[in-house]
2 protein chains.
Amino acid sequence: MSVTLKDVAQAARVSVSTASRALTGTGLTSERTQQRLTRIARELGYRPNPIARGLKTGQSRLVALLVHNLTNASFQVMAEVVQARLKALGYQMLLCIGGDDAQQESDTLTTLVDHRIDGLIVVPTGKNGAQLETLAKDVPIVCLVRRDDATDLETVLADDPQGAYLGTRHLIELGHKRIGLIVGRRDTTSGRERLSGYIRALRESDIPVDDTLIHAGHFVPETGATCCRALLDLPRPPSAIFVANHEATLGVLRVTAERNIAIPNDLSLLCYEDMPWFEWHRPAISIVDNGARDLANLAVDRLLHRMDAKGNGNDGVREYRVGARLVQRDSCRRFDAAKSAKSKSPPSKSSAAKSPATKPAKV
Amino acid sequence: MSVTLKDVAQAARVSVSTASRALTGTGLTSERTQQRLTRIARELGYRPNPIARGLKTGQSRLVALLVHNLTNASFQVMAEVVQARLKALGYQMLLCIGGDDAQQESDTLTTLVDHRIDGLIVVPTGKNGAQLETLAKDVPIVCLVRRDDATDLETVLADDPQGAYLGTRHLIELGHKRIGLIVGRRDTTSGRERLSGYIRALRESDIPVDDTLIHAGHFVPETGATCCRALLDLPRPPSAIFVANHEATLGVLRVTAERNIAIPNDLSLLCYEDMPWFEWHRPAISIVDNGARDLANLAVDRLLHRMDAKGNGNDGVREYRVGARLVQRDSCRRFDAAKSAKSKSPPSKSSAAKSPATKPAKV
DNA sequence: CTGTTAGCGCGTTCAG
DNA sequence: CTGAACGCGCTAACAG
């Protein structure tokens with residue numbers, strides 16, 4: 001079926017071992033035979049069999065990426081980045097989808113080590129710490145986006161405290177004082193950290209933290225809708241909403257559209273984690289960019305580092321942070337407290353309907 | 001490091017082959033030893049090594065999915081579906097991203113066969129037909145979404161002629177007569193087929209085909225913007241636009257937003273291929289659903305079929321179609337030609353701005 | 001029904 | 001510098 005090392009060796013009238021040495025470039029062969037073998041291998045269209053090689057070396061040239069889903073925009077770019085980087089290095093990516101489920105994660109992990117993966121980048125659920133810790137003895141692991149608190153694994157995180165702080169401060173600087181926050185569950189790293197950044201920014205500006213403005217929920221669009229309604233129905237609704245729960249964004253947008261709330265005129269909206277259509281949306285949605293691309297790149301870097309250092313890598317830093325960035329687009333605007341004070345009630349349909357262009361047409 | 005078959009055999013005081021037979025369940029062992037071996041294998045935590053097994057059997061329990069990207073919503077759900085289905089059957093998915101590039105596709109294909117994948121589902125670029133044809137001799141292949149005309153491979157396609165027909169007819173039934181079409185490049189199957197469906201629907205209703213209403217372009221958002229502007233700037237602009245080029249949708253939405261064109265009041269909009277946020281968007285965007293989920297499922301079914309039939313499968317049907325469905329949401333509305341005839345000029349900003357709610361708030 | 005033997009394709013000793 | 005031999009873990013012939 002396919003040409004093997006033996007074929008090459010025979011054609012070159014040398015032994016398989018010589019052929020092996022020459023082609024793997026161990027430098028333990030004469031320059032001449034080396035070149036000769038490479039040439040004839042190419043002529044024959046020889047391709048080493050990774051399976052056979054793996055059986056011998058214990059490696060597979062396979063690296064796994066385990067994420068929760070492909071709906072989340074960050075996971076999409078991470079998958080693309082990891083795949084691209086690895087391919088360039090001769091690795092293939094095994095993409096696994098764990099659904100943020102402990103059982104699925106556990107199952108997946110065991111079959112992955114079965115396949116003798118050379119490395120693993122995982123967004124942990126946080127519920128299989130022991131297993132991860134065990135696996136880490138056999139294969140280099142890098143945690144991404146979330147930390148598994150039960151482990152001591154190398155971890156690449158977004159700088160969520162900073163990101164939430166930057167975003168909140170931005171809104172404050174625009175004059176907002178009542179800033180609604182829709183954030184992730186408190187039992188996730190990101191949920192906690194983004195909340196803390198929000199609070200820090202508020203404190204720094206001596207704005208009292210109003211618990212009724214803070215909603216933590218599951219990572220689904222419905223959360224956004226529910227929380228957004230709750231926020232808008234407040235006696236004193238916020239003038240800005242910071243959606244720091246990425247998945248909730250859709251729900252928020254729906255509710256604001258349904259209620260004909262003009263963004264940013266009636267309400268400023270700041271979201272977390274970019275999506276391709278955010279900048280195509282009108283108004284283009286301002287975001288705090290968590291740096292998915294850089295997170296993925298760094299995770300790959302760290303993984304490769306550990307794969308090179310094979311085993312003796314229990315040194316050095318263990319946790320990395322990729323800074324967040326504020327990307328200002330058109331969904332946040334200056335809030336004039338005095339001016340809008342006239343309307344006590346939540347933004348009425350009529351007022352929303354009356355506000356025409358959120359910005360002048362560009363074309 | 002990990003417990004091997006030998007370990008199990010020793011513990012059970014049998015030969016490796018007996019152990020192998022018992023555990024693989026060939027039925028060539030006594031009931032007793034079978035159960036005994038299974039038990040002690042479990043106790044020892046034995047996990048078969050797929051690499052070693054693969055070297056022997058020539059299989060890898062690896063199935064590859066090669067798509068163009070993960071930005072396209074259809075590819076996302078396909079990846080999720082394929083991964084889930086395969087995992088349930090003990091296979092791992094190798095996800096590769098080819099970027100719709102001939103060279104990348106070619107490279108990827110060769111490294112995939114190197115890894116002795118047991119099967120391949122590929123969205124072909126159409127430029128590596130010969131290579132695909134060759135590979136197909138060694139490994140079961142199913143083409144998805146696009147056909148590679150240079151090959152005779154089993155192919156699972158969306159019913160694009162039907163989908164475009166359904167969509168166009170829907171708009172016609174709503175009273176639209178000038179229907180703009182933004183569609184994919186003519187050198188792709190989907191591009192051609194969707195165009196044909198559009199034309200058929202028009203013909204059927206005796207509506208003349210106006211070439212100025214038809215725009216074919218590359219699969220990028222910019223295409224949508226450009227084409228949408230061209231359409232709107234026509235002396236007699238369309239009353240509805242059918243965006244049958246999925247990637248172009250973003251561009252169209254931007255332009256309509258920029259020009260403050262109220263959907264569906266000023267313009268009906270129908271898109272192709274669903275995205276999660278379409279139904280969260282306000283107005284919720286009506287679509288022609290290409291059935292990405294079912295396409296993926298069918299592709300997996302067919303692939304598994306061929307993998308079972310190993311080699312002797314040059315029989316039976318070679319091409320499948322997954323029917324399209326019209327999903328009516330809120331972006332299309334009845335067009336009253338007489339009433340709107342008063343405004344000859346393209347929808348003006350003022351008129352757009354005046355139209356408030358696209359539909360009554362639900363909440 | 002079971003043990004023995006022989007590779008799968010490759011890397012890696014160990015002698016020349 | 002090169003060839004011969006061995007084994008990675010497992011399955012599949014062949015005997016018993």
Side-chain angles (χ1 to χ4, degrees), chain A residues 1-38 40-41 44-62 90 111 113-118 138-139 310, chain B residues 1-38 40-41 44-62 90 111 113-118 138-139 310:
Chain A
M1 159 172 153
S2 68
V3 18
T4 87
L5 191 55
K6 194 164 90 178
D7 301 328
V8 179
Q10 281 178 350
R13 302 185 176 285
V14 294
S15 69
V16 253
S17 31
T18 313
S20 171
R21 283 185 285 245
L23 295 179
T24 48
T26 48
L28 303 163
T29 55
S30 74
E31 189 79 5
R32 259 187 67 254
T33 53
Q34 163 113 5
Q35 297 192 347
R36 195 163 64 93
L37 269 283
T38 341
I40 138 166
L44 263 55
Y46 167 71
R47 315 227 78 229
N49 182 336
I51 310 257
R53 178 178 286 174
L55 184 55
K56 188 70 200 174
T57 62
Q59 304 194 328
S60 59
R61 311 280 332 170
L62 256 33
T111 82
V113 290
D114 283 353
H115 278 281
R116 301 298 189 275
I117 51 168
D118 292 348
D138 291 336
V139 37
K310 39 178 99 178
Chain B
M1 158 171 155
S2 68
V3 19
T4 88
L5 189 56
K6 194 163 90 178
D7 300 328
V8 179
Q10 281 178 350
R13 300 184 178 288
V14 294
S15 71
V16 251
S17 33
T18 312
S20 171
R21 282 186 287 247
L23 296 179
T24 48
T26 49
L28 277 48
T29 56
S30 74
E31 190 79 4
R32 258 186 67 256
T33 51
Q34 164 114 6
Q35 297 191 347
R36 195 164 63 92
L37 269 281
T38 342
I40 135 166
L44 263 54
Y46 168 71
R47 315 228 79 229
N49 181 337
I51 310 257
R53 177 178 287 174
L55 182 56
K56 186 69 197 173
T57 63
Q59 303 194 330
S60 58
R61 311 274 341 167
L62 256 33
T111 82
V113 291
D114 283 353
H115 279 280
R116 300 298 188 275
I117 51 169
D118 292 348
D138 292 335
V139 38
K310 39 179 100 178

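This one's a predicted model, so the numbers in the text were calculated from it and none came from an experiment.
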Nucleotide [N], atom [atom2] - distance to [atom1] of [X] in whole Å:
| X | N | atom1 | atom2 | answer |
| --- | --- | --- | --- | --- |
| B:Gln34 | C:dC1 | CD | P | 11 Å |
| B:Gln59 | C:dG9 | CD | C1' | 17 Å |
| B:Glu31 | C:dT2 | CD | C1' | 16 Å |
| B:Leu37 | C:dC1 | CG | C1' | 13 Å |

Closest heavy-atom contact between B:Leu23 and B:Leu5?
CD1-CD1, 3.8 Å

Which atoms form the tightest heavy-atom contact between B:Leu62 and A:Leu62, and what is the distance?
CD2-CD2, 3.9 Å

Exam field: side chain A:Asp118 to backbone A:Gln59, donor-acceptor pair closer than 3.5 Å:
no

Closer than 3.5 angstrom, by distance alone: can the side chain of B:Arg53 be matched with the main-chain N or O of B:Ile51 as a donor-acceptor pair?
no

Respond yes when some side-chain nitrogen or oxygen of B:Thr33 is under 4.0 Å from OP1 or OP2 of C:dC1, and no when none is.
no

At under 4.0 Å between heavy atoms, which parts of nucleotides 8-16 of chain D does protein reach? Answer with one letter per nucleotide, 5' to 3': B base, S sugar-phosphate only, - none.
BBSBBB---

Given side chain to side chain donor-acceptor pair (under 3.5 Å), test A:Ser15 with A:Thr18 step by step and report yes or no.
CA-CA 5 Å; A:Ser15 69; A:Thr18 313; 2.9 Å; yes

Restricting to side chain to side chain donor-acceptor pair (under 3.5 Å), what partner residues turn up for A:Thr38, sequence neighbours left out?
none

